[in-house]
There are 2 protein chains.
Amino acid sequence: METNRQSRIALSALSALAQEHRLEVFRLLVQAGPDGLAAGDIAEKLDIPSSSLSFHLSHLKQGGIVEVERQGRSIIYRADFSAMNGLMSYLLENCCEGAGCNVAVGAEPHLEKEC
Amino acid sequence: METNRQSRIALSALSALAQEHRLEVFRLLVQAGPDGLAAGDIAEKLDIPSSSLSFHLSHLKQGGIVEVERQGRSIIYRADFSAMNGLMSYLLENCCEGAGCNVAVGAEPHLEKEC
DNA sequence: GATTCGTTTCCATATTTCTAGAAATATCGA
DNA sequence: TCGATATTTCTAGAAATATGGAAACGAATC
């Protein structure tokens with residue numbers, strides 16, 4: 001089984017997102033945008049015990065899809081959009097064997113692409 | 001914890017992808033395009049025992065990211081690109097609180113979007 | 001209707017992941 | 001330095017997931 005670097009990265013990003021709490025956290029961070037959110041704010045908004053949240057945040061960090069920065073006593077988490085791009089590219093790599101197919105691909109309906 | 005329909009769908013798609021074998025299978029199907037691949041072909045290409053592969057294929061089907069069709073004795077699997085679009089939209093919903101931010105989003109570098 | 005082929009289901013086992021309280025760590029203000 | 005605040009690490013038990021051989025199944029062929 002070939003487990004190259006790229007697939008390990010994609011796998012850890014996907015595993016990071018594939019959990020109820022973490023998916024909620026990530027979407028919250030997407031919505032928060034560049035300002036991000038402190039761990040405590042996330043815990044409060046989603047009503048998750050801090051130790052559980054910390055477990056999940058470290059998964060998201062490990063998965064490379066959030067960025068972390070200490071700010072005083074707080075620790076700020078931010079969604080990493082470029083990692084999302086990378087993940088998508090990997091998933092759709094060599095789509096349709098490079099044949100000029102008409103499969104719609106993109107984040108929004110109007111973002112279609114021949115691949 | 002709000003577990004609505006959309007988040008359950010996204011979660012099952014993500015869990016489907018978040019496994020080494022299944023990620024490989026999905027990418028193989030993406031590359032195969034609209035023709036898809038028979039279960040046996042996948043098993044052979046990836047060298048996975050048929051019972052294990054069947055377990056994983058049913059996960060991918062359950063996750064809604066592949067389509068299935070019987071064709072004679074074979075069972076053909078195909079990547080479901082529209083499900084991928086839906087997943088992406090959900091993940092990036094209300095990005096940056098609707099503020100005109102400049103976060104790059106899309107499957108490929110040139111597919112950027114203000115969200 | 002018996003046989004072969006492709007695939008799935010069943011099963012027990014092995015492994016991974018999740019949970020949250022308690023304790024530890026780091027930062028700040030008085 | 002002390003106390004309050006914010007967060008992480010440690011822990012072990014519970015729950016979920018992965019594995020692959022054997023048996024069962026359905027569709028085609030003889």
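In what follows, every chain begins at residue 1, and chains take the letters A, B, ... in the order their sequences are listed.
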**Study point:** B:V30 and A:N94, any side-chain heavy atoms less than 4.5 Å apart
**Key:** no

**Study point:** N/O (side chain, B:S52) to phosphate O (OP1/OP2, D:dT19) under 4.0 Å
**Key:** no

Practice item. Report yes if a side-chain nitrogen or oxygen of B:Y77 is closer than 4.0 Å to either non-bridging phosphate oxygen (OP1 or OP2) of C:dG6; otherwise report no. Key: no

Review point. Considering heavy-atom distances to DNA chain C, does A:R70 or A:R22 have its closest nucleotide positioned more toward the 5' end?
Key: A:R22

Which donor-acceptor pairs under 3.5 Å do the side chains of residues 69-76 of chain B make with protein atoms, sequence neighbours left out?
| residue | atom | partner | partner atom | Å |
| --- | --- | --- | --- | --- |
| B:E69 | OE1 | B:R78 | NH2 | 2.3 |
| B:R70 | NE | B:G72 | O | 3.2 |

Check your understanding: Nearest-Å distance, CD (A:Q71) to C1' (D:dT7)?
Key -> 15 Å

Check your understanding: Taking DNA chain D as the partner, which of residues 54-63 of chain B come within under 4.0 angstrom of it by heavy atom?
Key -> B:F55, B:H56, B:H59

Practice item. Would you check if B:M88 and A:M84 make a side-chain contact, meaning some heavy-atom pair closer than 4.5 Å? Key: yes

Review point. So, for A:S12 and A:Q62, which heavy atoms are closest and what is the spacing to 0.1 Å?
Key: OG-O, 4.1 Å

Review point. Atom CG of A:L46 and atom P of C:dT19: how far apart are they, to the nearest Å?
Key: 13 Å

Under 3.5 Å, which protein N or O atoms sit close to an N or O of nucleotides 1-6 of chain D? Give each pair with its distance.
| residue | atom | partner | partner atom | Å |
| --- | --- | --- | --- | --- |
| D:dA4 | N3 | A:R73 | NH1 | 3.4 |

Exercise for review: Find which nucleotide of DNA chain D each of A:S50 and B:P49 is nearest to by heavy atoms, and output the residue with the more 5' nucleotide.
Suggested key: A:S50

Check your understanding: Atom CG of B:L53 to atom P of D:dG21: distance rounded to whole Å?
Key -> 14 Å

Point to revise | Rounded interatomic separation in angstrom, taking CD from A:E44 and C1' from D:dT7 | key: 15 Å

Check your understanding: Could you give the CG-to-P distance, from B:L23 to D:dA18, as a whole number of Å?
Key -> 13 Å

Exercise for review: Kindly indicate whether the side chain of A:L46, heavy atoms from C-beta on, has any atom under 4.5 Å from the side chain of A:L53.
Suggested key: no

Study note, to complete from the structure: Closest heavy-atom pair, B:A32 versus B:G36, reported as atoms and distance to 0.1 Å, is CB-O, 4.0 Å

Exercise for review: Find the distance B:E20:CD to C:dT15:P and express it as a whole number of Å.
Suggested key: 16 Å

Practice item. Mind calculating the distance between CD (A:E69) and P (C:dT27) to the nearest angstrom? Key: 14 Å

Check your understanding: Between the side chain of A:R22 and the main-chain N/O of A:L17, is any donor-acceptor distance below 3.5 Å?
Key -> no

Exercise for review: Let me know the distance between NE2 of B:H21 and P of D:dT17, rounded to the nearest Å.
Suggested key: 17 Å

Point to revise | A:Q19 side-chain N/O to C:dT16 phosphate OP1/OP2 under 4.0 Å | key: no

Exercise for review: For residues B:A79 and B:L29, report the shortest heavy-atom separation together with the two atoms involved.
Suggested key: N-CB, 3.8 Å

Practice item. Measure from the side-chain N and O atoms of B:S54 to the backbone N and O of B:S50, and report whether any donor-acceptor pair falls under 3.5 Å. Key: no

